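Okay, structure first, notes after.
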Amino acid sequence: MAKIFCIANQKGGVGKTTTTVNLAAGLARIGQRVLMVDLDPQGNATMGSGVDKRKLELTVYDVLLESASVTEARVRSEKCGYDVLGANRELAGAEVELVDVERRERRLRQALAQVDTSYDFILVDCPPSLSMLTLNGLCCAHGVIVPMQCEYFALEGLTDLVNTIKQVHANLNKDLQIIGLLRVMYDPRITLQQQVSEQLKSHFKEKVFDTVIPRNVRLAEAPSYGLPGVVFDPAARGSQAFMEFAQEMVERIRKM
């Protein structure tokens, strides 16, 4: 059975997509079978996995509207070593089209159940808002991975996200929990980041991943080449940190 994880944060620009594609590539490199689901109409995770969103015949949009299965819509990213259920601008229309549909928040869950035995991990990249798309992601997931910068406003956004997860857990998905908080774009030279990091660890304790992703130029450059940093430059500090994170994820899942 696949373990399904949402990478979510209601605050934009915190590295959700970077985390999703690099974790997917890292897990693939250590022998895990991975499906990456792009739930953001911008399609950045699709492009960042070496897949051209403009050339996709079928996307997650077709899966949500039940006009295609995951098996039909997924494509293989040979460079990255994992499968991609991609997205493009069409996905923005799904919000409107799903409004009057029955069990609209469970469409993705039902679709992924058909490929449950084909993967070890399914990673869902969510848009930076609490939309019907994000809700589909949260309803199908076993847990949420929260990438966050160690800054003051990030703490405020985290409170909102925790409340959202509690509501979804209570009403729609009893399996949902926070798997862990991942500190990203971390610069140990900045005192405030050190302080926020310590606050996170004292409040959330073991929910904070041991791995810390440093601020890294090579990670930032990688999307322009259509690749995760782990594939683009495996020797970069950021890439090595994501490989450590992939190992930590596998170990954490074994203990669950």
Side-chain angles (χ1 to χ4, degrees), residues 1-9 15-40 45-46 49 60 63-64 69-71 73-77 80-87 105-126 133-148 161-162 164-166 168-169 172-182 184 204 206-211 213 228 230 241-256:
M1 268 184 66
K3 286 290 184 184
I4 305 173
F5 299 115
C6 276
I7 289 77
N9 193 324
K16 287 186 296 295
T17 299
T18 299
T19 299
T20 306
V21 297
N22 280 284
L23 177 57
L27 288 167
R29 289 205 157 198
I30 57 174
Q32 302 295 308
R33 300 170 301 159
V34 182
L35 172 66
M36 193 285 297
V37 180
D38 191 350
L39 268 188
D40 192 334
T46 303
S49 299
V60 69
V63 172
L64 289 172
S69 67
V70 174
T71 308
R74 67 187 174 189
V75 294
R76 183 73 177 171
S77 173
C80 302
Y82 56 84
D83 288 347
V84 176
L85 182 55
E105 70 281 343
R106 292 187 171 87
R107 285 292 178 98
L108 186 61
R109 181 175 187 157
Q110 289 174 319
L112 292 177
Q114 297 169 13
V115 295
D116 193 49
T117 56
S118 302
Y119 299 101
D120 300 306
F121 286 89
I122 298 176
L123 304 178
V124 183
D125 185 36
C126 292
L133 296 172
T134 303
L135 199 55
N136 260 273
L138 293 174
C139 283
C140 75
H142 297 110
V144 183
I145 298 167
V146 186
M148 62 177 297
L161 181 64
V162 169
T164 297
I165 290 168
K166 283 179 180 175
V168 174
H169 172 84
L172 297 167
N173 181 3
K174 297 296 183 188
D175 294 332
L176 191 67
Q177 59 177 309
I178 291 180
I179 298 298
L181 308 177
L182 177 66
V184 299
F204 289 95
E206 74 280 353
K207 288 289 186 185
V208 179
F209 287 108
D210 293 332
T211 307
I213 310 299
V230 167
F242 270 115
M243 287 303 301
E244 288 173 25
F245 179 46
Q247 291 280 7
E248 185 178 353
M249 272 299 299
V250 171
E251 287 164 21
R252 187 168 286 213
I253 296 317
R254 283 180 186 147
K255 294 174 185 174
M256 281 176 67

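Bear in mind that the values here come from a model prediction, so they are computed numbers and not experimental data.
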### Message
For Val84 and Asp38: C-alpha separation, side-chain torsions, deciding distance, then whether side-chain contact (heavy atoms from CB on, under 4.5 Å) applies.
### Response
CA-CA 8 Å; Val84 176; Asp38 191 350; 5.6 Å; no

### Query
Rounded to the nearest 0.5 Å, what separation is found between the CD1 atom of Ile145 and the CD1 atom of Ile178?
11.5 Å

## Note on the structure
Minimal heavy-atom distance between Ala246 and Leu23, with the atoms involved, is CA-CD1, 3.8 Å

### Query
At what distance, to the nearest 0.5 angstrom, does OG of Ser69 lie from CZ of Arg74?
8.0 Å

### Message
Is the shortest side-chain heavy-atom distance between Leu64 and Leu133 below 4.5 Å?
### Response
yes

### Summary
Here the pair of heavy atoms bringing Cys139 nearest to Val168 is SG-CG1, 4.5 Å

#### Entry: Any donor-acceptor N/O pair, Arg252 side chain to Ile179 backbone, under 3.5 Å
yes

### Task
Return the set of residues passing salt bridge (Lys or Arg N to Asp or Glu O under 4.0 Å) with Asp120 (not counting sequence neighbours), or none when no residue passes.
Arg33

### Query
Do Val115 and Thr71 have side chains that get closer than 4.5 Å, going by heavy atoms?
yes

### Task
Output every pair passing side chain to side chain donor-acceptor pair (under 3.5 Å) with a member in residues 15-28, not counting sequence neighbours, ordered by first then second residue.
Thr17-Asp125, Thr20-Asp125

### Task
Please report the C-alpha distance between Phe209 and Met249 in whole Å, then the side-chain angles of each, then the deciding distance to 0.1 Å, and finally whether the side-chain contact (heavy atoms from CB on, under 4.5 Å) criterion is met.
CA-CA 9 Å; Phe209 287 108; Met249 272 299 299; 3.7 Å; yes

#### Entry: Short side-chain to backbone donor-acceptor contact, Asn9 and Pro147, under 3.5 Å
yes

### Message
Using side-chain contact (heavy atoms from CB on, under 4.5 Å), reason through Val37 and Leu112 one step at a time and then give a plain yes or no.
### Response
CA-CA 10 Å; Val37 180; Leu112 292 177; 4.3 Å; yes

### Query
For Lys166, does the NZ atom have more than 12 heavy-atom neighbours from other residues, nucleotides or ligands under 6.0 Å away?
no

### Query
Where is the tightest heavy-atom contact between Ala2 and His142, given as atom of each residue plus distance?
O-CE1, 3.2 Å

### Query
Of the non-hydrogen atoms in Ala73 and Leu85, which two are nearest, and what is the gap between them?
CB-CD1, 3.5 Å

### Message
Under the salt bridge (charged side-chain N to carboxylate O under 4.0 Å, His left out) definition, can you give me all pairs with a residue in residues 105-114, not counting sequence neighbours?
### Response
Glu66-Arg107

### Query
How many angstroms lie between atom CD1 of Ile7 and atom CE of Met36, to the nearest 0.5 angstrom?
9.5 Å

### Query
Between Asp83 (side chain) and Leu35 (backbone), is there a donor-acceptor pair under 3.5 Å?
no

### Task
Provide the closest heavy-atom pair for Val124 versus Cys140 in the form atom of the first, atom of the second, distance.
CG2-SG, 4.4 Å

### Message
With a 3.5 Å distance limit and no angle check, can you tell me whether Lys3 reaches the backbone of Ile253 through a side-chain donor-acceptor pair?
### Response
no

### Task
May I ask you to test the Met243-Ile30 pair for a side-chain heavy-atom distance under 4.5 Å?
yes

### Within-4.5 Å side-chain heavy-atom neighbours: Val230 and Phe245
no

### Query
So, for Ala87 and Asp40, which heavy atoms are closest and what is the spacing to 0.1 Å?
CB-O, 3.6 Å

### Query
Can you tell if the side chain of Leu39 reaches within under 4.5 Å of the side chain of Leu108, non-hydrogen atoms only?
yes

### Parallel, tilted or perpendicular, as decided by the 30° and 60° cut-offs, for the rings of Phe121 and Phe5
tilted

### Query
So do Thr164 and Thr134 actually touch side chain to side chain, heavy atoms under 4.5 Å?
no

### Task
Using a 4.5 Å cut-off on heavy atoms from C-beta on, say whether the side chain of Leu176 contacts that of Leu138.
yes

### Message
As a quick check of understanding, evaluate side-chain contact (heavy atoms from CB on, under 4.5 Å) for Leu123 and Leu27, giving each step before the final call.
### Response
CA-CA 10 Å; Leu123 304 178; Leu27 288 167; 4.2 Å; yes

